[in-house]
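I have placed the structure first, in the form of structure tokens, so that the comments after it can refer back to it.
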Amino acid sequence: MSGPFSDLEDTIFSDKSVLTEDYQPEEILERDEEIEEYRYALQDVLFGRAPENIMLYGKAGLGKTAVTTYMMNALKAEAEERKQADDLYIHELNCNGKTLFVVVRQLVNSLLPENASEFPKRGLGTSDAFEELYRQLDRVGGTHFLVFDEIDHLDDVNTLLYELPRASSNGHITNSQVGVIGISNNYTFRQSLSSKVKDTLMENEISFSPYNADELQTILRDRADRAFVDGACDRSAIAMAAAISAKDMGNARQAIDLLRVGAKVAEKNEDRKVEDDHIESAKELVQRGRLSNRVRDQTDHAQYILETIAHLEQQKKTPARSKDIKAYYEKVTTEWGSEPLTTLKSIQDHLSDLHMLGFLQRSEQNDGERGGRRYEYELDLDPQIIIDARKEVESE
Ligand SMILES: Nc1ncnc2c1ncn2[C@@H]1O[C@H](COP(=O)(O)OP(=O)(O)OP(=O)(O)O)[C@@H](O)[C@H]1O
Ligand SMILES: [Mg+2]
């Protein structure tokens with residue numbers, strides 16, 4: 001019987017999951033120096049000594065999370081082999097969007113015995129959560145590495161980084177030991193730490209540098225070998241994805257995204273091989289995706305203003321002055337069922353923010369009649385991206 005699916009064949013992928021964000025590489029390539037520093041900083045636990053604290057810095061997509069998971073798995077396996085080593089427990093947490101209370105509570109819950117009831121969400125405070133954490137650590141015993149990924153997103157990081165490294169010396173725990181690992185892609189984060197905290201964390205700082213095109217090619221080739229059926233991915237397509245990402249920020253996530261999206265484009269075209277022009281299209285698509293997310297991150301009114309300018313742009317009515325933008329904005333806002341902001345000043349403030357964020361171009365004009373100066377605005381990106389993003393936001 002033939003149906004809509006009967007002629008479908010999996011011609012490109014042998015394992016598509018290898019190109020997704022959740023995939024943990026078995027092997028880490030091109031990070032020998034970072035791994036060596038990490039190895040040195042982590043070794044104490046294998047000899048039964050107290051663990052050290054470690055901070056990892058580096059921009060997005062440089063392998064901080066992947067290398068950490070790899071090192072933690074390897075350390076745990078090695079500790080199990082060695083008699084001298086203390087019992088080792090690893091807790092990896094992502095701090096993005098969480099408060100200190102939520103993070104400490106999550107740690108407590110991961111330590112509680114299987115049938116114990118969870119630490120309450122409400123009613124108790126952060127210091128109660130810390131107390132319970134210390135109690136549970138001592139109950140379990142052994143050495144615990146607490147990994148705080150994206151730690152710069154945490155609200156009260158100074159308290160966390162002050163408390164935990166001193167838990168033993170302050171007598172909060174006596175039957176267990178903790179090592180703190182913090183991961184951040186924000187270099188200025190370090191300056192926001194109190195000096196007392198900086199002192200304890202300075203002992204081990206590992207910084208991750210951007211990948212160059214050769215290194216990205218090595219990483220991509222390895223992924224491609226696992227992800228694609230033989231011969232389904234051109235070497236030059238890999239070189240192209242690597243070159244694009246190296247030129248941008250040396251970000252391995254971006255390089256892998258280009259390869260995945262490029263393969264999808266090839267698949268959709270029913271081509272049997274991923275080639276340069278598929279990566280070229282992927283570049284467009286990935287860029288659009290990124291821009292669209294930035295549009296979504298704006299406040300409602302900033303989005304209405306962006307949408308307004310996108311429409312004006314398509315009607316060739318830009319550059320436009322704030323007065324004209326305001327008039328059209330009122331229409332757009334009302335159509336979406338919201339109340340428009342009323343003052344010209346509030347619109348001008350948004351325009352100036354959007355200009356600073358790189359969404360808008362601004363030019364200064366002489367205002368002939370009154371002899372003053374005024375600004376005119378136009379979009380600095382494809383208006384269709386904004387209109388599509390806005391439609392998606394409103395339909396969610
Ligand atoms: N050296 C490497 N070998 C193999 N895969 C890698 C390597 N470096 C990064 N990757 C892959 O690239 C992607 C991004 O890496 P990762 O998530 O570790 O970056 P990150 O430094 O934690 O970035 P962020 O700061 O945005 O969290 C992941 O899919 C990861 O598996
Ligand atoms: Mg990460």
Side-chain angles (χ1 to χ4, degrees), residues 13 15-39 54-75 90-98 103 145-154 157 180-190 192 205-228 233 238-239 241-264 279 282 286 289-290 293-294 297:
F13 292 110
D15 185 358
K16 207 171 175 173
S17 72
V18 169
L19 298 178
T20 60
E21 180 74 25
D22 296 338
Y23 176 78
Q24 170 62 28
E26 288 157 38
E27 226 184 318
I28 298 288
L29 303 157
E30 307 287 1
R31 290 277 87 148
D32 296 351
E33 276 174 39
E34 288 82 355
I35 288 177
E36 183 52 35
E37 282 182 61
Y38 224 149
R39 201 166 81 102
I54 306 171
M55 281 299 297
L56 262 56
Y57 292 102
K59 293 242 165 67
L62 301 184
K64 300 181 300 298
T65 301
V67 171
T68 298
T69 303
Y70 170 80
M71 293 303 283
M72 291 297 118
N73 291 341
L75 186 68
I90 311 284
H91 310 268
E92 288 187 58
L93 291 97
N94 191 300
C95 302
N96 197 359
K98 294 185 187 148
V103 163
F145 268 111
L146 312 178
V147 182
F148 299 100
D149 204 349
E150 310 198 19
I151 193 168
D152 45 302
H153 289 267
L154 199 62
V157 88
V180 172
I181 299 178
I183 305 178
S184 165
N185 64 18
N186 178 356
Y187 285 101
T188 53
F189 164 71
R190 201 172 174 287
S192 69
E205 284 186 349
I206 307 177
S207 94
F208 282 57
S209 48
Y211 291 111
N212 64 31
D214 285 343
E215 292 165 341
L216 288 172
Q217 273 203 58
T218 312
I219 294 170
L220 287 184
R221 275 197 205 142
D222 175 72
R223 285 291 165 107
D225 285 346
R226 297 166 201 266
F228 300 118
C233 185
I238 289 181
I244 293 170
S245 310
K247 216 166 135 191
D248 202 352
M249 304 289 248
N251 176 334
R253 181 180 299 115
Q254 183 187 1
I256 295 169
D257 281 350
L258 286 171
L259 199 59
R260 188 189 57 251
V261 177
K264 273 195 191 159
I279 302 295
V286 169
R290 226 192 293 164
N293 285 338
R294 287 193 59 213
D297 287 345

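The chain is numbered in sequence order, starting from 1. Counting starts at 1 for both ligands and their atoms, following the listed order.
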Problem set entry | Pairs where residues 20-29 contributes a residue and the test side-chain hydrogen bond (donor to acceptor under 3.5 Å, both in side chains) is met, not counting sequence neighbours | E21-R253
For this session: With the side chain counted from C-beta on, respond yes when I279 and L259 share a heavy-atom pair under 4.5 Å apart, and no when they do not.
Result: yes
Exercise. N94: what forms a side chain to side chain contact (heavy atoms under 4.5 Å, CB included) with it, not counting sequence neighbours?
Worked result: N96, D149, E150
Exercise. Below 4.5 Å, heavy atoms only, C-beta onward: do Q254 and D248 meet side chain to side chain?
Worked result: yes
Problem set entry | pair S184-H153: side-chain heavy atoms closer than 4.5 Å | no
Exercise. Is there a side-chain contact between N251 and P210, using heavy atoms and a 4.5 Å cut-off?
Worked result: no
Identify the protein atoms, limited to N or O, that lie within less than 3.5 Å of an N or O atom of ligand 1, and list each pair with its distance to 0.1 Å.
| residue | atom | partner | partner atom | Å |
| --- | --- | --- | --- | --- |
| ligand 1 | 1 (N) | L29 | O | 2.6 |
| ligand 1 | 1 (N) | Y211 | OH | 2.9 |
| ligand 1 | 3 (N) | L29 | N | 3.3 |
| ligand 1 | 5 (N) | R223 | NH2 | 3.2 |
| ligand 1 | 8 (N) | Y211 | OH | 2.7 |
| ligand 1 | 17 (O) | R253 | NH2 | 3.1 |
| ligand 1 | 18 (O) | T65 | N | 3.3 |
| ligand 1 | 18 (O) | A66 | N | 2.8 |
| ligand 1 | 19 (O) | G63 | N | 3.3 |
| ligand 1 | 21 (O) | L62 | N | 3.1 |
| ligand 1 | 21 (O) | G63 | N | 3.1 |
| ligand 1 | 21 (O) | K64 | N | 2.9 |
| ligand 1 | 21 (O) | K64 | NZ | 2.7 |
| ligand 1 | 22 (O) | T65 | N | 3.0 |
| ligand 1 | 22 (O) | T65 | OG1 | 2.8 |
| ligand 1 | 23 (O) | G61 | N | 2.8 |
| ligand 1 | 23 (O) | R253 | NH2 | 3.3 |
| ligand 1 | 25 (O) | K64 | NZ | 2.7 |
| ligand 1 | 25 (O) | N185 | ND2 | 3.1 |
| ligand 1 | 26 (O) | R253 | NH1 | 3.0 |
| ligand 1 | 26 (O) | R253 | NH2 | 3.2 |
| ligand 1 | 31 (O) | R223 | NH2 | 2.9 |

Exercise. Are any of the side-chain heavy atoms of N186 and Y57 separated by less than 4.5 Å?
Worked result: no
Exercise. What protein N/O/S atoms sit under 2.8 Å from the Mg ion (ligand 2), by chain and number?
Worked result: T65 OG1
Exercise. With a cut-off of under 6.0 Å to the ring centre and 45° to the axis, is R31 in cation-pi contact with Y211?
Worked result: yes
For this session: Please check if the distance between the ring centroids of F228 and F13 is under 6.0 Å.
Result: yes
